[in-house]
Amino acid sequence: MGSRASTLLREEEIEEIKKETGFSHSQITRLYSRFTSLDKGENGTLSREDFQRIPELAINPLGDRIINAFFPEGEDQVNFRGFMRTLAHFRPIEDNEKNKNPTASEPLNSRSNKLLFAFRLYDLDRDDKISRDELLQVLRMMVGVNISDEQLGSIADRTIQEADTNGDSCISFQEFIKVLEKVDVEQKMSIRFLH
Amino acid sequence: MELFFNPFDNLLCILLGISFTVWFTLLLVFIIVPAIFGVSFGIRRLYMKTLLKIFEWATLRIERGAKEKNHHLYKPYSNAIIAREPTSLEEEIKEIRRSGSNKDLDSASEFEMSDIFYFARRGVESIMDDEVTKRFSAEELESWNLLTRSNNNFTYISLRLTVLWGLGLLIRYGFLLPLRVTLAFTGVGLLVFLTSVIGLLPNGRMKNFLSEKVHLMCYRICVRALTAIITYHDSENKPKNGGICVANHTSPIDVIILASDGCYAMVGQIHGGLMGVIQRSMVKACPHVWFERSEVKDRHLVAKRLSDHVQDKSKLPILIFPEGTCINNTSVMMFKKGSFEIGATVYPVAIKYDPRFGDAFWNSSKFGMVSYLLRMMSSWAIVCSVWYLPPMSREEGEDAVQFANRVKAAIARQGGLVDLLWDGGLKREKVKDTFKEEQQKLYSKMLVGTQEDRSRS
């Protein structure tokens, strides 16, 4: 059967997601269609296996870490709201949002939240700091078998040395932000929709 | 009481008898006889034009209905929904690093924490939209074709449209489906019977001639059983004896479509049941290449049998679908190199279905063969175009894989399909780890490469 897009997603839900994530109506219905096509079990949630079925994601060296970002602590299923909330981090920052009311809650796609998404890719045990061990593990995922342990170790040491300002041999989120303050995060961590 | 019902019963019987006879005569005159001689009255094309007008009207009504309620209509986009730049891993990571540092590139560090942005973004892009998984489910239509199975905007159907849809349902299931099922049984039955009869003849020109005629006739009846409206282009390039015909694969119906316009030797695994009966009787009349299940795994055996067949110029051209599985007709996936290693001339054929009248794609994980055929026979029609492309041979210095890709590109270009390098087997299997290792190698080169340069300077 064709996708059951707008028939199963109610208008109220679309409005709520729109407010929370900032996606437009058509983008939400499009992504819902994508969600249902990935949901092979047809139970309204995605499991890790559903994500791993995407070949381009399976060959991404950090594929497992990215998939993990969708699942909150200890859970194995993600529903459409959770799916959209995570995808929202990659929405481009529009100009009119930059000067928004500073007391309003921070949008999911702010510069800070994009950096937090990247930080959490490194932070394996979710304790809000990147230890040397965690950095080594993630580096190992990215390079495979092509670099020796010693070389990788020295890369990790140098990176922590450059970033660590309070001397605890770990990188906190604040230190992470400082290291990347000049990088064009808005552009590099954004995905543009064609419609 | 009984006396009261008798004359009524008689009348009913007479009426049934008459309608049956009329039905069969019409069937014979308008469908079976033209099929035997290969002529056409043009009824199907008229039917197609009328249907198109009705679909356009239906879509307009739905759009109007949506506008009145001030709602957004779900519009499928078969092309990309997100912008993806085709930049390489190296380029992108360099760009990210350049934007983040004041140092020039030569003394740039080996690893930057911002490198992860590349992988994160590519990963999430593929979650939002990837090139492969959408090829294994039916294509979404932009306009509604009055079939429930392809509708996404249920809430906007007005009364008039519902009536039309109900009428369509009646016509399709009440009139078209029984007609088509009758034709299908006739076609298959005739095929099995006549090929068995011809099998009794001694080998020779007469047998080949009769076998050709019988095959063509039965396939044409089957074509009418599906109400398939086929347009053949460039028939001067039709495959000749001793060649291999390759085509993109969307459904088992592809075989019927090609075989009703020319004679081919089929290749495949012997099945049990009805399929096996058909296969066994077909091979009595002319040599097809059927493999036992155990032989299929033995690639050398398969290659040997195929090349033996191809070298015998009196035998018909082989028909092969190198993708190995059904794809949804929006793209062409990796061609398996087996048929391209044999060294015969390859005749590429591109088949493109028009999904507005009935989607021909067989989603084998969702539908079995029987329910698939029933769906086909209860759609409006199967409309497709077949292009016979000029023959190709392996060139000097080209290996089988490159040759296969060249043929695939030609077929994709002609049919207006997306040319993908991904393996159709990904429908069921996981992707090989070698692809991930390639990515890791590329990235490692970026980290280690700079160190080599540094040690040199």
Side-chain angles (χ1 to χ4, degrees), chain A residues 1-7 11 25-26 29-31 33-34 37-38 51-63 66-67 87 89-90 117-118 121-122 138-139 142-147 151 155 158-159 162-163 171 176 179-180 182-185 187-195, chain B residues 71-77 80-83 95-96 99-102 109-111 113-134 137-138 140-141 149-155 422 426 430-431 435-441 443-445 447-448 451:
Chain A
M1 285 225 185
S3 79
R4 291 160 262 127
S6 9
T7 52
E11 281 300 317
H25 196 284
S26 64
T29 45
R30 216 66 249 4
L31 288 171
S33 167
R34 174 69 173 164
S37 71
L38 291 173
F51 282 100
Q52 274 152 1
R53 230 176 270 122
I54 306 173
E56 291 169 31
L57 187 62
I59 66 170
N60 188 318
L62 291 178
I66 297 169
I67 294 173
L87 289 181
H89 289 110
F90 285 82
F117 185 88
L121 289 178
Y122 284 110
V138 173
L139 274 169
M142 290 201 265
V143 304
V145 298
N146 299 296
I147 298 187
Q151 248 183 314
I155 291 177
R158 218 202 34 156
T159 312
E162 282 183 3
I171 306 179
F176 187 71
V179 171
L180 299 174
K182 291 207 194 74
V183 177
D184 184 5
V185 177
Q187 219 231 352
K188 293 305 168 188
M189 288 280 276
S190 290
I191 298 175
R192 198 168 51 89
F193 267 78
L194 290 175
H195 307 283
Chain B
H71 279 166
H72 295 261
L73 207 62
Y74 172 75
K75 272 195 169 286
Y77 295 108
I81 55 166
I82 49 179
E95 238 192 83
I96 299 177
S99 74
S101 69
N102 298 323
S109 48
E110 316 144 306
F111 167 71
M113 297 210 83
S114 58
D115 288 351
I116 209 172
F117 289 177
Y118 169 78
F119 294 108
R121 202 179 95 197
R122 282 294 152 118
V124 176
E125 273 178 359
S126 65
I127 292 178
M128 286 190 180
D129 188 20
D130 80 300
E131 281 298 320
V132 182
T133 53
K134 63 187 180 195
S137 57
E140 295 179 337
L141 294 172
R149 57 189 82 145
S150 50
N151 192 334
N152 301 311
N153 294 306
F154 278 120
T155 41
W422 295 96
L426 289 171
K430 286 214 144 119
V431 66
F435 293 107
K436 190 197 275 204
E437 286 157 20
E438 264 174 47
Q439 294 255 310
Q440 288 169 329
K441 210 183 285 184
Y443 182 61
S444 311
K445 239 190 271 182
L447 301 193
V448 166
Q451 208 175 50

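Residue numbers start from 1 in every chain, and the chains themselves are labelled A, B, ... in the order their sequence lines are given, proteins ahead of strands. Just so you know, these numbers come straight off a predicted model, no measurement behind them. What's counted below: heavy atoms across the whole structure, side chains too, no hydrogens, waters or symmetry copies.
- The residue among A:Leu31, A:Val145, A:Val179, A:Leu87 with the most heavy atom pairs within less than 4.5 Å of chain B is A:Leu87.
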Review point. Going through the checks in order, is the side-chain contact (heavy atoms from CB on, under 4.5 Å) test met by A:Phe193 and B:Met128?
Key: CA-CA 10 Å; A:Phe193 267 78; B:Met128 286 190 180; 4.1 Å; yes
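- Residue B:Ser137: no heavy atom, backbone or side chain, is found under 4.5 Å from chain A.
- Between chain A and the options B:Val132, B:Asp115, B:Leu426, B:Ile116, heavy-atom pairs under 4.5 Å are most frequent for B:Ile116.
- Heavy-atom distances place the side chain of A:Leu139, and not its backbone, under 4.5 Å from chain B.
- Taking 4.5 Å as the limit, some side-chain heavy atom of B:Met113 sits within range of a side-chain heavy atom of A:Ile171.
- Both the backbone and the side chain of A:Leu57 come within less than 4.5 Å of a heavy atom of chain B.
- Note that CD of B:Gln440 is 10.5 Å distant from CD1 of A:Ile59, once rounded to the nearest 0.5 Å.
- A:Asn146 places no side-chain N or O within donor-acceptor distance of the main-chain N or O of B:Lys445, the cut-off being under 3.5 Å.
- Both the backbone and the side chain of A:Ile54 come within contact range of chain B, each with at least one heavy atom under 4.5 Å from a heavy atom of that chain.
- Looking at A:Leu180, only its side chain comes within 4.5 Å of chain B, counting heavy atoms on both sides.
- Between atom CD1 of residue A:Ile147 and atom CG of residue B:Leu447 there is a gap of 4.5 Å, rounded to the nearest 0.5 Å.
- Of all the listed residues (B:Glu95, B:Lys430, B:Arg122, B:Glu438), the one sharing the greatest number of non-hydrogen pairs under 4.5 Å with chain A is B:Glu95.
- Across every non-hydrogen atom of A:Pro55 and B:Asp130, the tightest pair is CD-OD2, 3.8 Å.
- If you take CD on A:Gln151 and OG on B:Ser444, they are separated by 10.0 Å, rounding to the nearest 0.5 Å.
- Counting only distance, with no hydrogens or angles, the side chain of A:Arg34 and the backbone of B:Ile127 share a donor-acceptor pair below 3.5 Å.
- Between A:Leu121 and B:Phe119, every side-chain heavy-atom pair lies at or beyond the 4.5 Å cut-off.
- Shortest non-hydrogen contact noted between B:Ala120 and A:Ile66 is CA-CD1, 3.9 Å.
- Judged by distance alone, with hydrogens and angles left aside, the side-chain atoms of B:Tyr443 form no donor-acceptor pair with the main-chain N or O of A:Pro61 at under 3.5 Å.
- When each of B:Trp422, B:Tyr118, B:Phe435 is checked for heavy-atom pairs under 4.5 Å with chain A, B:Trp422 comes out on top.
- Contact annotation for A:Ser37: neither backbone nor side-chain heavy atoms come within less than 4.5 Å of a heavy atom of chain B.
- Between chain B and the options A:Gln187, A:Glu56, A:Met189, the largest number of non-hydrogen pairs under 4.5 Å is found for A:Glu56.
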